[in-house]
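Here is the naming used below: chain letters follow the sequence lines, and residue numbers restart at 1 for every chain.
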Amino acid sequence: MKLTDIRLENVSYIYSPNTPFQKEALENINITFKGGKLTGIIGHTGSGKSTLAQLLNGLLKPTSGKVYLGDTDIWEKPKEINKIRYKVGLVFQYPEYQLFEETVYEDIAYGPKNMGVSGDNLNRTVSEAADFVGLTPDLLKKSPFELSGGEKRRVALAGVIAMEPEVLVLDEPAAGLDPRGRTEILERIRNYQKQKNNTIILISHSMEDISEYADEIAVLKNSKVLCSGTVDTVFRNAELIRSNGLAIPKITEIMLELKHRGFPVSDGIYTTSDAHKEIIRLINSYKKNGENNA
Amino acid sequence: MLKDITLGQFFPGNSPLHKMDPRMKIIISAIFIVAIFFAKNIFSFALLILFSLILTTLSGIKHSVILKGLKPIVFIVVFTAIINIFWTKGETPLINFGIIKIYPEGIYTAAFMIIRVVSLVVGTSLLLSYTTSPIALTDALERLMNPLKKLKVPVHEFAMMMTIALRFIPTLIEETEKIMNAQKARGADFESGNLLNRLKALVPILIPLFISAFRRADELAVAMECRCYHGGDGRTKMKILRFSVFDFVWLFVMLIFSVSVFCLNYIPTTIKLSF
Ligand SMILES: Nc1ncnc2c1ncn2[C@@H]1O[C@H](COP(=O)(O)OP(=O)(O)OP(=O)(O)O)[C@@H](O)[C@H]1O
Ligand SMILES: [Mg+2]
């Protein structure tokens with residue numbers, strides 16, 4: 001599988017230009033989403049995350065600026081924008097409402113069918129996608145309207161994964177799910193990314209989720225990119241993030257506070273499991289010190 | 001594409017048109033419509049154009065917005081104009097191609113017809129939709145129809161239904177757009193193929209749209225019940241409509257306008273119209 005970068009160059013987007021409702025949702029965005037990485041996008045409500053997502057697969061056309069998929073400008077041939085949409089899969093915020101077929105199987109197959117996939121290939125791609133999101137085969141025969149909210153969400157997700165996109169953009173895939181549903185769906189997305197090694201862009205409100213699952217982070221604020229880079233570089237700027245009203249992961253806060261109080265903990269701890277290891281290490285080193293002193 | 005529908009769209013503002021009592025706007029629109037259909041010669045049509053231009057200027061709505069609002073009627077206007085040009089018979093043809101004869105009368109009739117329809121749409125949409133919020137409009141309608149209550153017409157219920165319908169138009173448009181986008185992201189194609197294919201392409205939009213519309217209706221009904229909605233009896237209003245002097249000035253201007261249209265019709269002209 002080749003790794004596809006997706007790059008935005010001076011992209012701005014204005015909703016309803018030249019009307020009283022004019023609204024600049026994105027201002028001069030420059031960012032590269034690296035191929036084969038899971039990039040998390042985080043930002044306050046209304047900061048332009050969903051708008052950005054729709055620019056990536058050509059549902060919205062930038063008011064100015066360019067979007068590159070690999071080396072091609074996606075709007076070079078506007079007639080062939082559908083080809084870009086096959087390559088960049090987009091799962092919308094609350095995607096449950098898009099289901100319409102009689103059975104779950106048919107609904108997942110809708111995208112691939114539009115691409116011209118049929119027969120055994122269709123079967124394979126649908127069951128593979130269903131497997132990735134954890135839908136059991138018996139659910140495939142049911143009507144999508146009989147499912148629970150979380151299951152519907154997974155069907156919608158599978159519907160896009162079945163198109164086998166090179167880049168997968170997910171707009172708040174875990175919104176409105178309970179903690180177990182959240183972890184499960186995010187785990188599955190991460191496993192999917194590891195197996196396929198493709199590019200994933202994950203939009204979320206939760207710093208915890210992003211720091212746990214993403215390789216890179218982009219922080220949006222008021223239609224602009226506040227900062228971006230690897231999880232490490234972004235959280236090293238904890239002050240910048242906090243002063244802009246966004247929370248850094250709770251566990252990172254605790255570790256920063258420990259450091260502040262003079263404990264020699266290392267920087268760059270964003271997940272509870274890392275923190276766990278670090279604290280054990282710390283305790284062990286104190287024990288050793290204590291024994292040596294004795 | 002759906003966003004281009006400005007018919008029935010309210011632009012908040014502070015112009016003299018915005019400040020008029022919505023009941024007066026309905027009355028004035030009715031008078032305006034009658035006046036339009038009384039206009040019969042070049043002078044009364046000129047007055048019609050003048051009046052529409054004055055309304056446009058007073059409203060403070062951008063010309064581009066008004067032109068965009070005319071888009072949906074372009075086809076009908078052009079179509080009727082063409083029919084008028086070719087079908088109206090007069091005395092001396094302007095162009096004579098054997099079967100096809102175009103008379104000057106036909107061209108005048110077409111031109112007047114265009115003025116009529118355009119000023120009708122511009123006038124009423126300026127008065128009733130661009131400068132009046134849907135809520136104010138239905139409130140005004142309910143008040144105007146109040147006397148019908150004596151005849152056991154469920155006026156309040158009609159007004160409520162209308163408010164709800166109007167309230168949900170933008171929501172439904174937004175929802176349709178959202179669903180279309182989601183299906184487009186799955187490779188749906190609404191713009192190519194033959195008629196049958198295009199109709200088929202609508203299924204993935206219509207089904208989710210209906211489902212969500214029914215769900216919304218259901219939720220709304222429950223929410224209304226929870227807030228003890230029991231029809232119009234004994235319900236008080238937060239905004240009570242009161243006519244101001246200003247409203248009667250408008251009424252006066254409008255009456256003068258229609259009388260002028262009526263009188264101008266008697267000025268003799270050489271142009272004969274076939275209506
Ligand atoms: N269809 C639209 N028409 C007009 N303005 C819009 C439209 N969609 C979004 N906006 C505006 O653009 C801005 C960015 O919206 P966007 O949906 O991208 O935010 P978001 O970051 O995804 O927020 P959330 O976290 O709530 O999903 C908002 O201020 C919003 O009001
Ligand atoms: Mg959003």
If you count every heavy atom of other residues, nucleotides or ligands that lies below 6.0 Å from B:Glu157 atom CD, does the total exceed 12? yes
Residues 15-29 of chain B: residues contacting chain A (heavy atom under 4.5 Å, by number): none
Just checking B:Glu225: does its CD atom have more than 12 heavy atoms from other residues, nucleotides or ligands closer to it than 6.0 angstrom? no
Ignoring hydrogens and geometry, is there a side-chain-to-backbone donor-acceptor pair from A:Gln98 to B:Pro208 under 3.5 Å? no
Largest heavy-atom contact set with chain B, pairs under 4.5 Å, which of A:Phe100, A:Tyr86, A:Phe92: A:Phe100
With chain A as the partner, which of B:Lys178, B:Arg215, B:Lys62, B:Glu175 has the greatest number of non-hydrogen pairs under 4.5 Å? B:Lys178
Please classify the contact of A:Tyr97 with chain B as side chain, backbone, both or neither, using a heavy-atom distance under 4.5 Å. both
A quick test of your reading: do over 12 heavy atoms of other residues, nucleotides or ligands sit less than 6.0 Å from NZ of B:Lys237? yes
Output the option from A:Leu99, A:Asn82, A:Val88 having the highest count of non-hydrogen pairs under 4.5 Å with chain B. A:Asn82
Is the number of heavy atoms from other residues, nucleotides or ligands under 6.0 Å of B:Phe210 CZ greater than 12? no
Separation between CD (A:Glu96) and CD1 (B:Ile211), nearest 0.5 Å, reads 12.5 Å
Looking at B:Arg186 and A:Asp107, is any side-chain nitrogen of the basic one under 4.0 Å from a carboxylate oxygen of the acidic one? yes
Side chain, backbone, both or neither of B:Lys184 within contact of chain A (heavy atoms, under 4.5 Å): both
Looking at residues at least two apart in the chain, or sitting in another chain, which of them share a salt bridge (Lys or Arg N to Asp or Glu O under 4.0 Å) with A:Asp209? A:Arg182
Residues 110-127 of chain A: residues contacting chain B (heavy atom under 4.5 Å, by number): A:Tyr110, A:Gly111, A:Asn114
Does CD in A:Glu128 sit with more than 12 non-hydrogen atoms of other residues, nucleotides or ligands closer than 6.0 Å? yes
Can you pull out the residues in residues 47-59 of chain A with any heavy atom less than 4.5 Å from chain B? A:Gln54, A:Asn57, A:Leu59
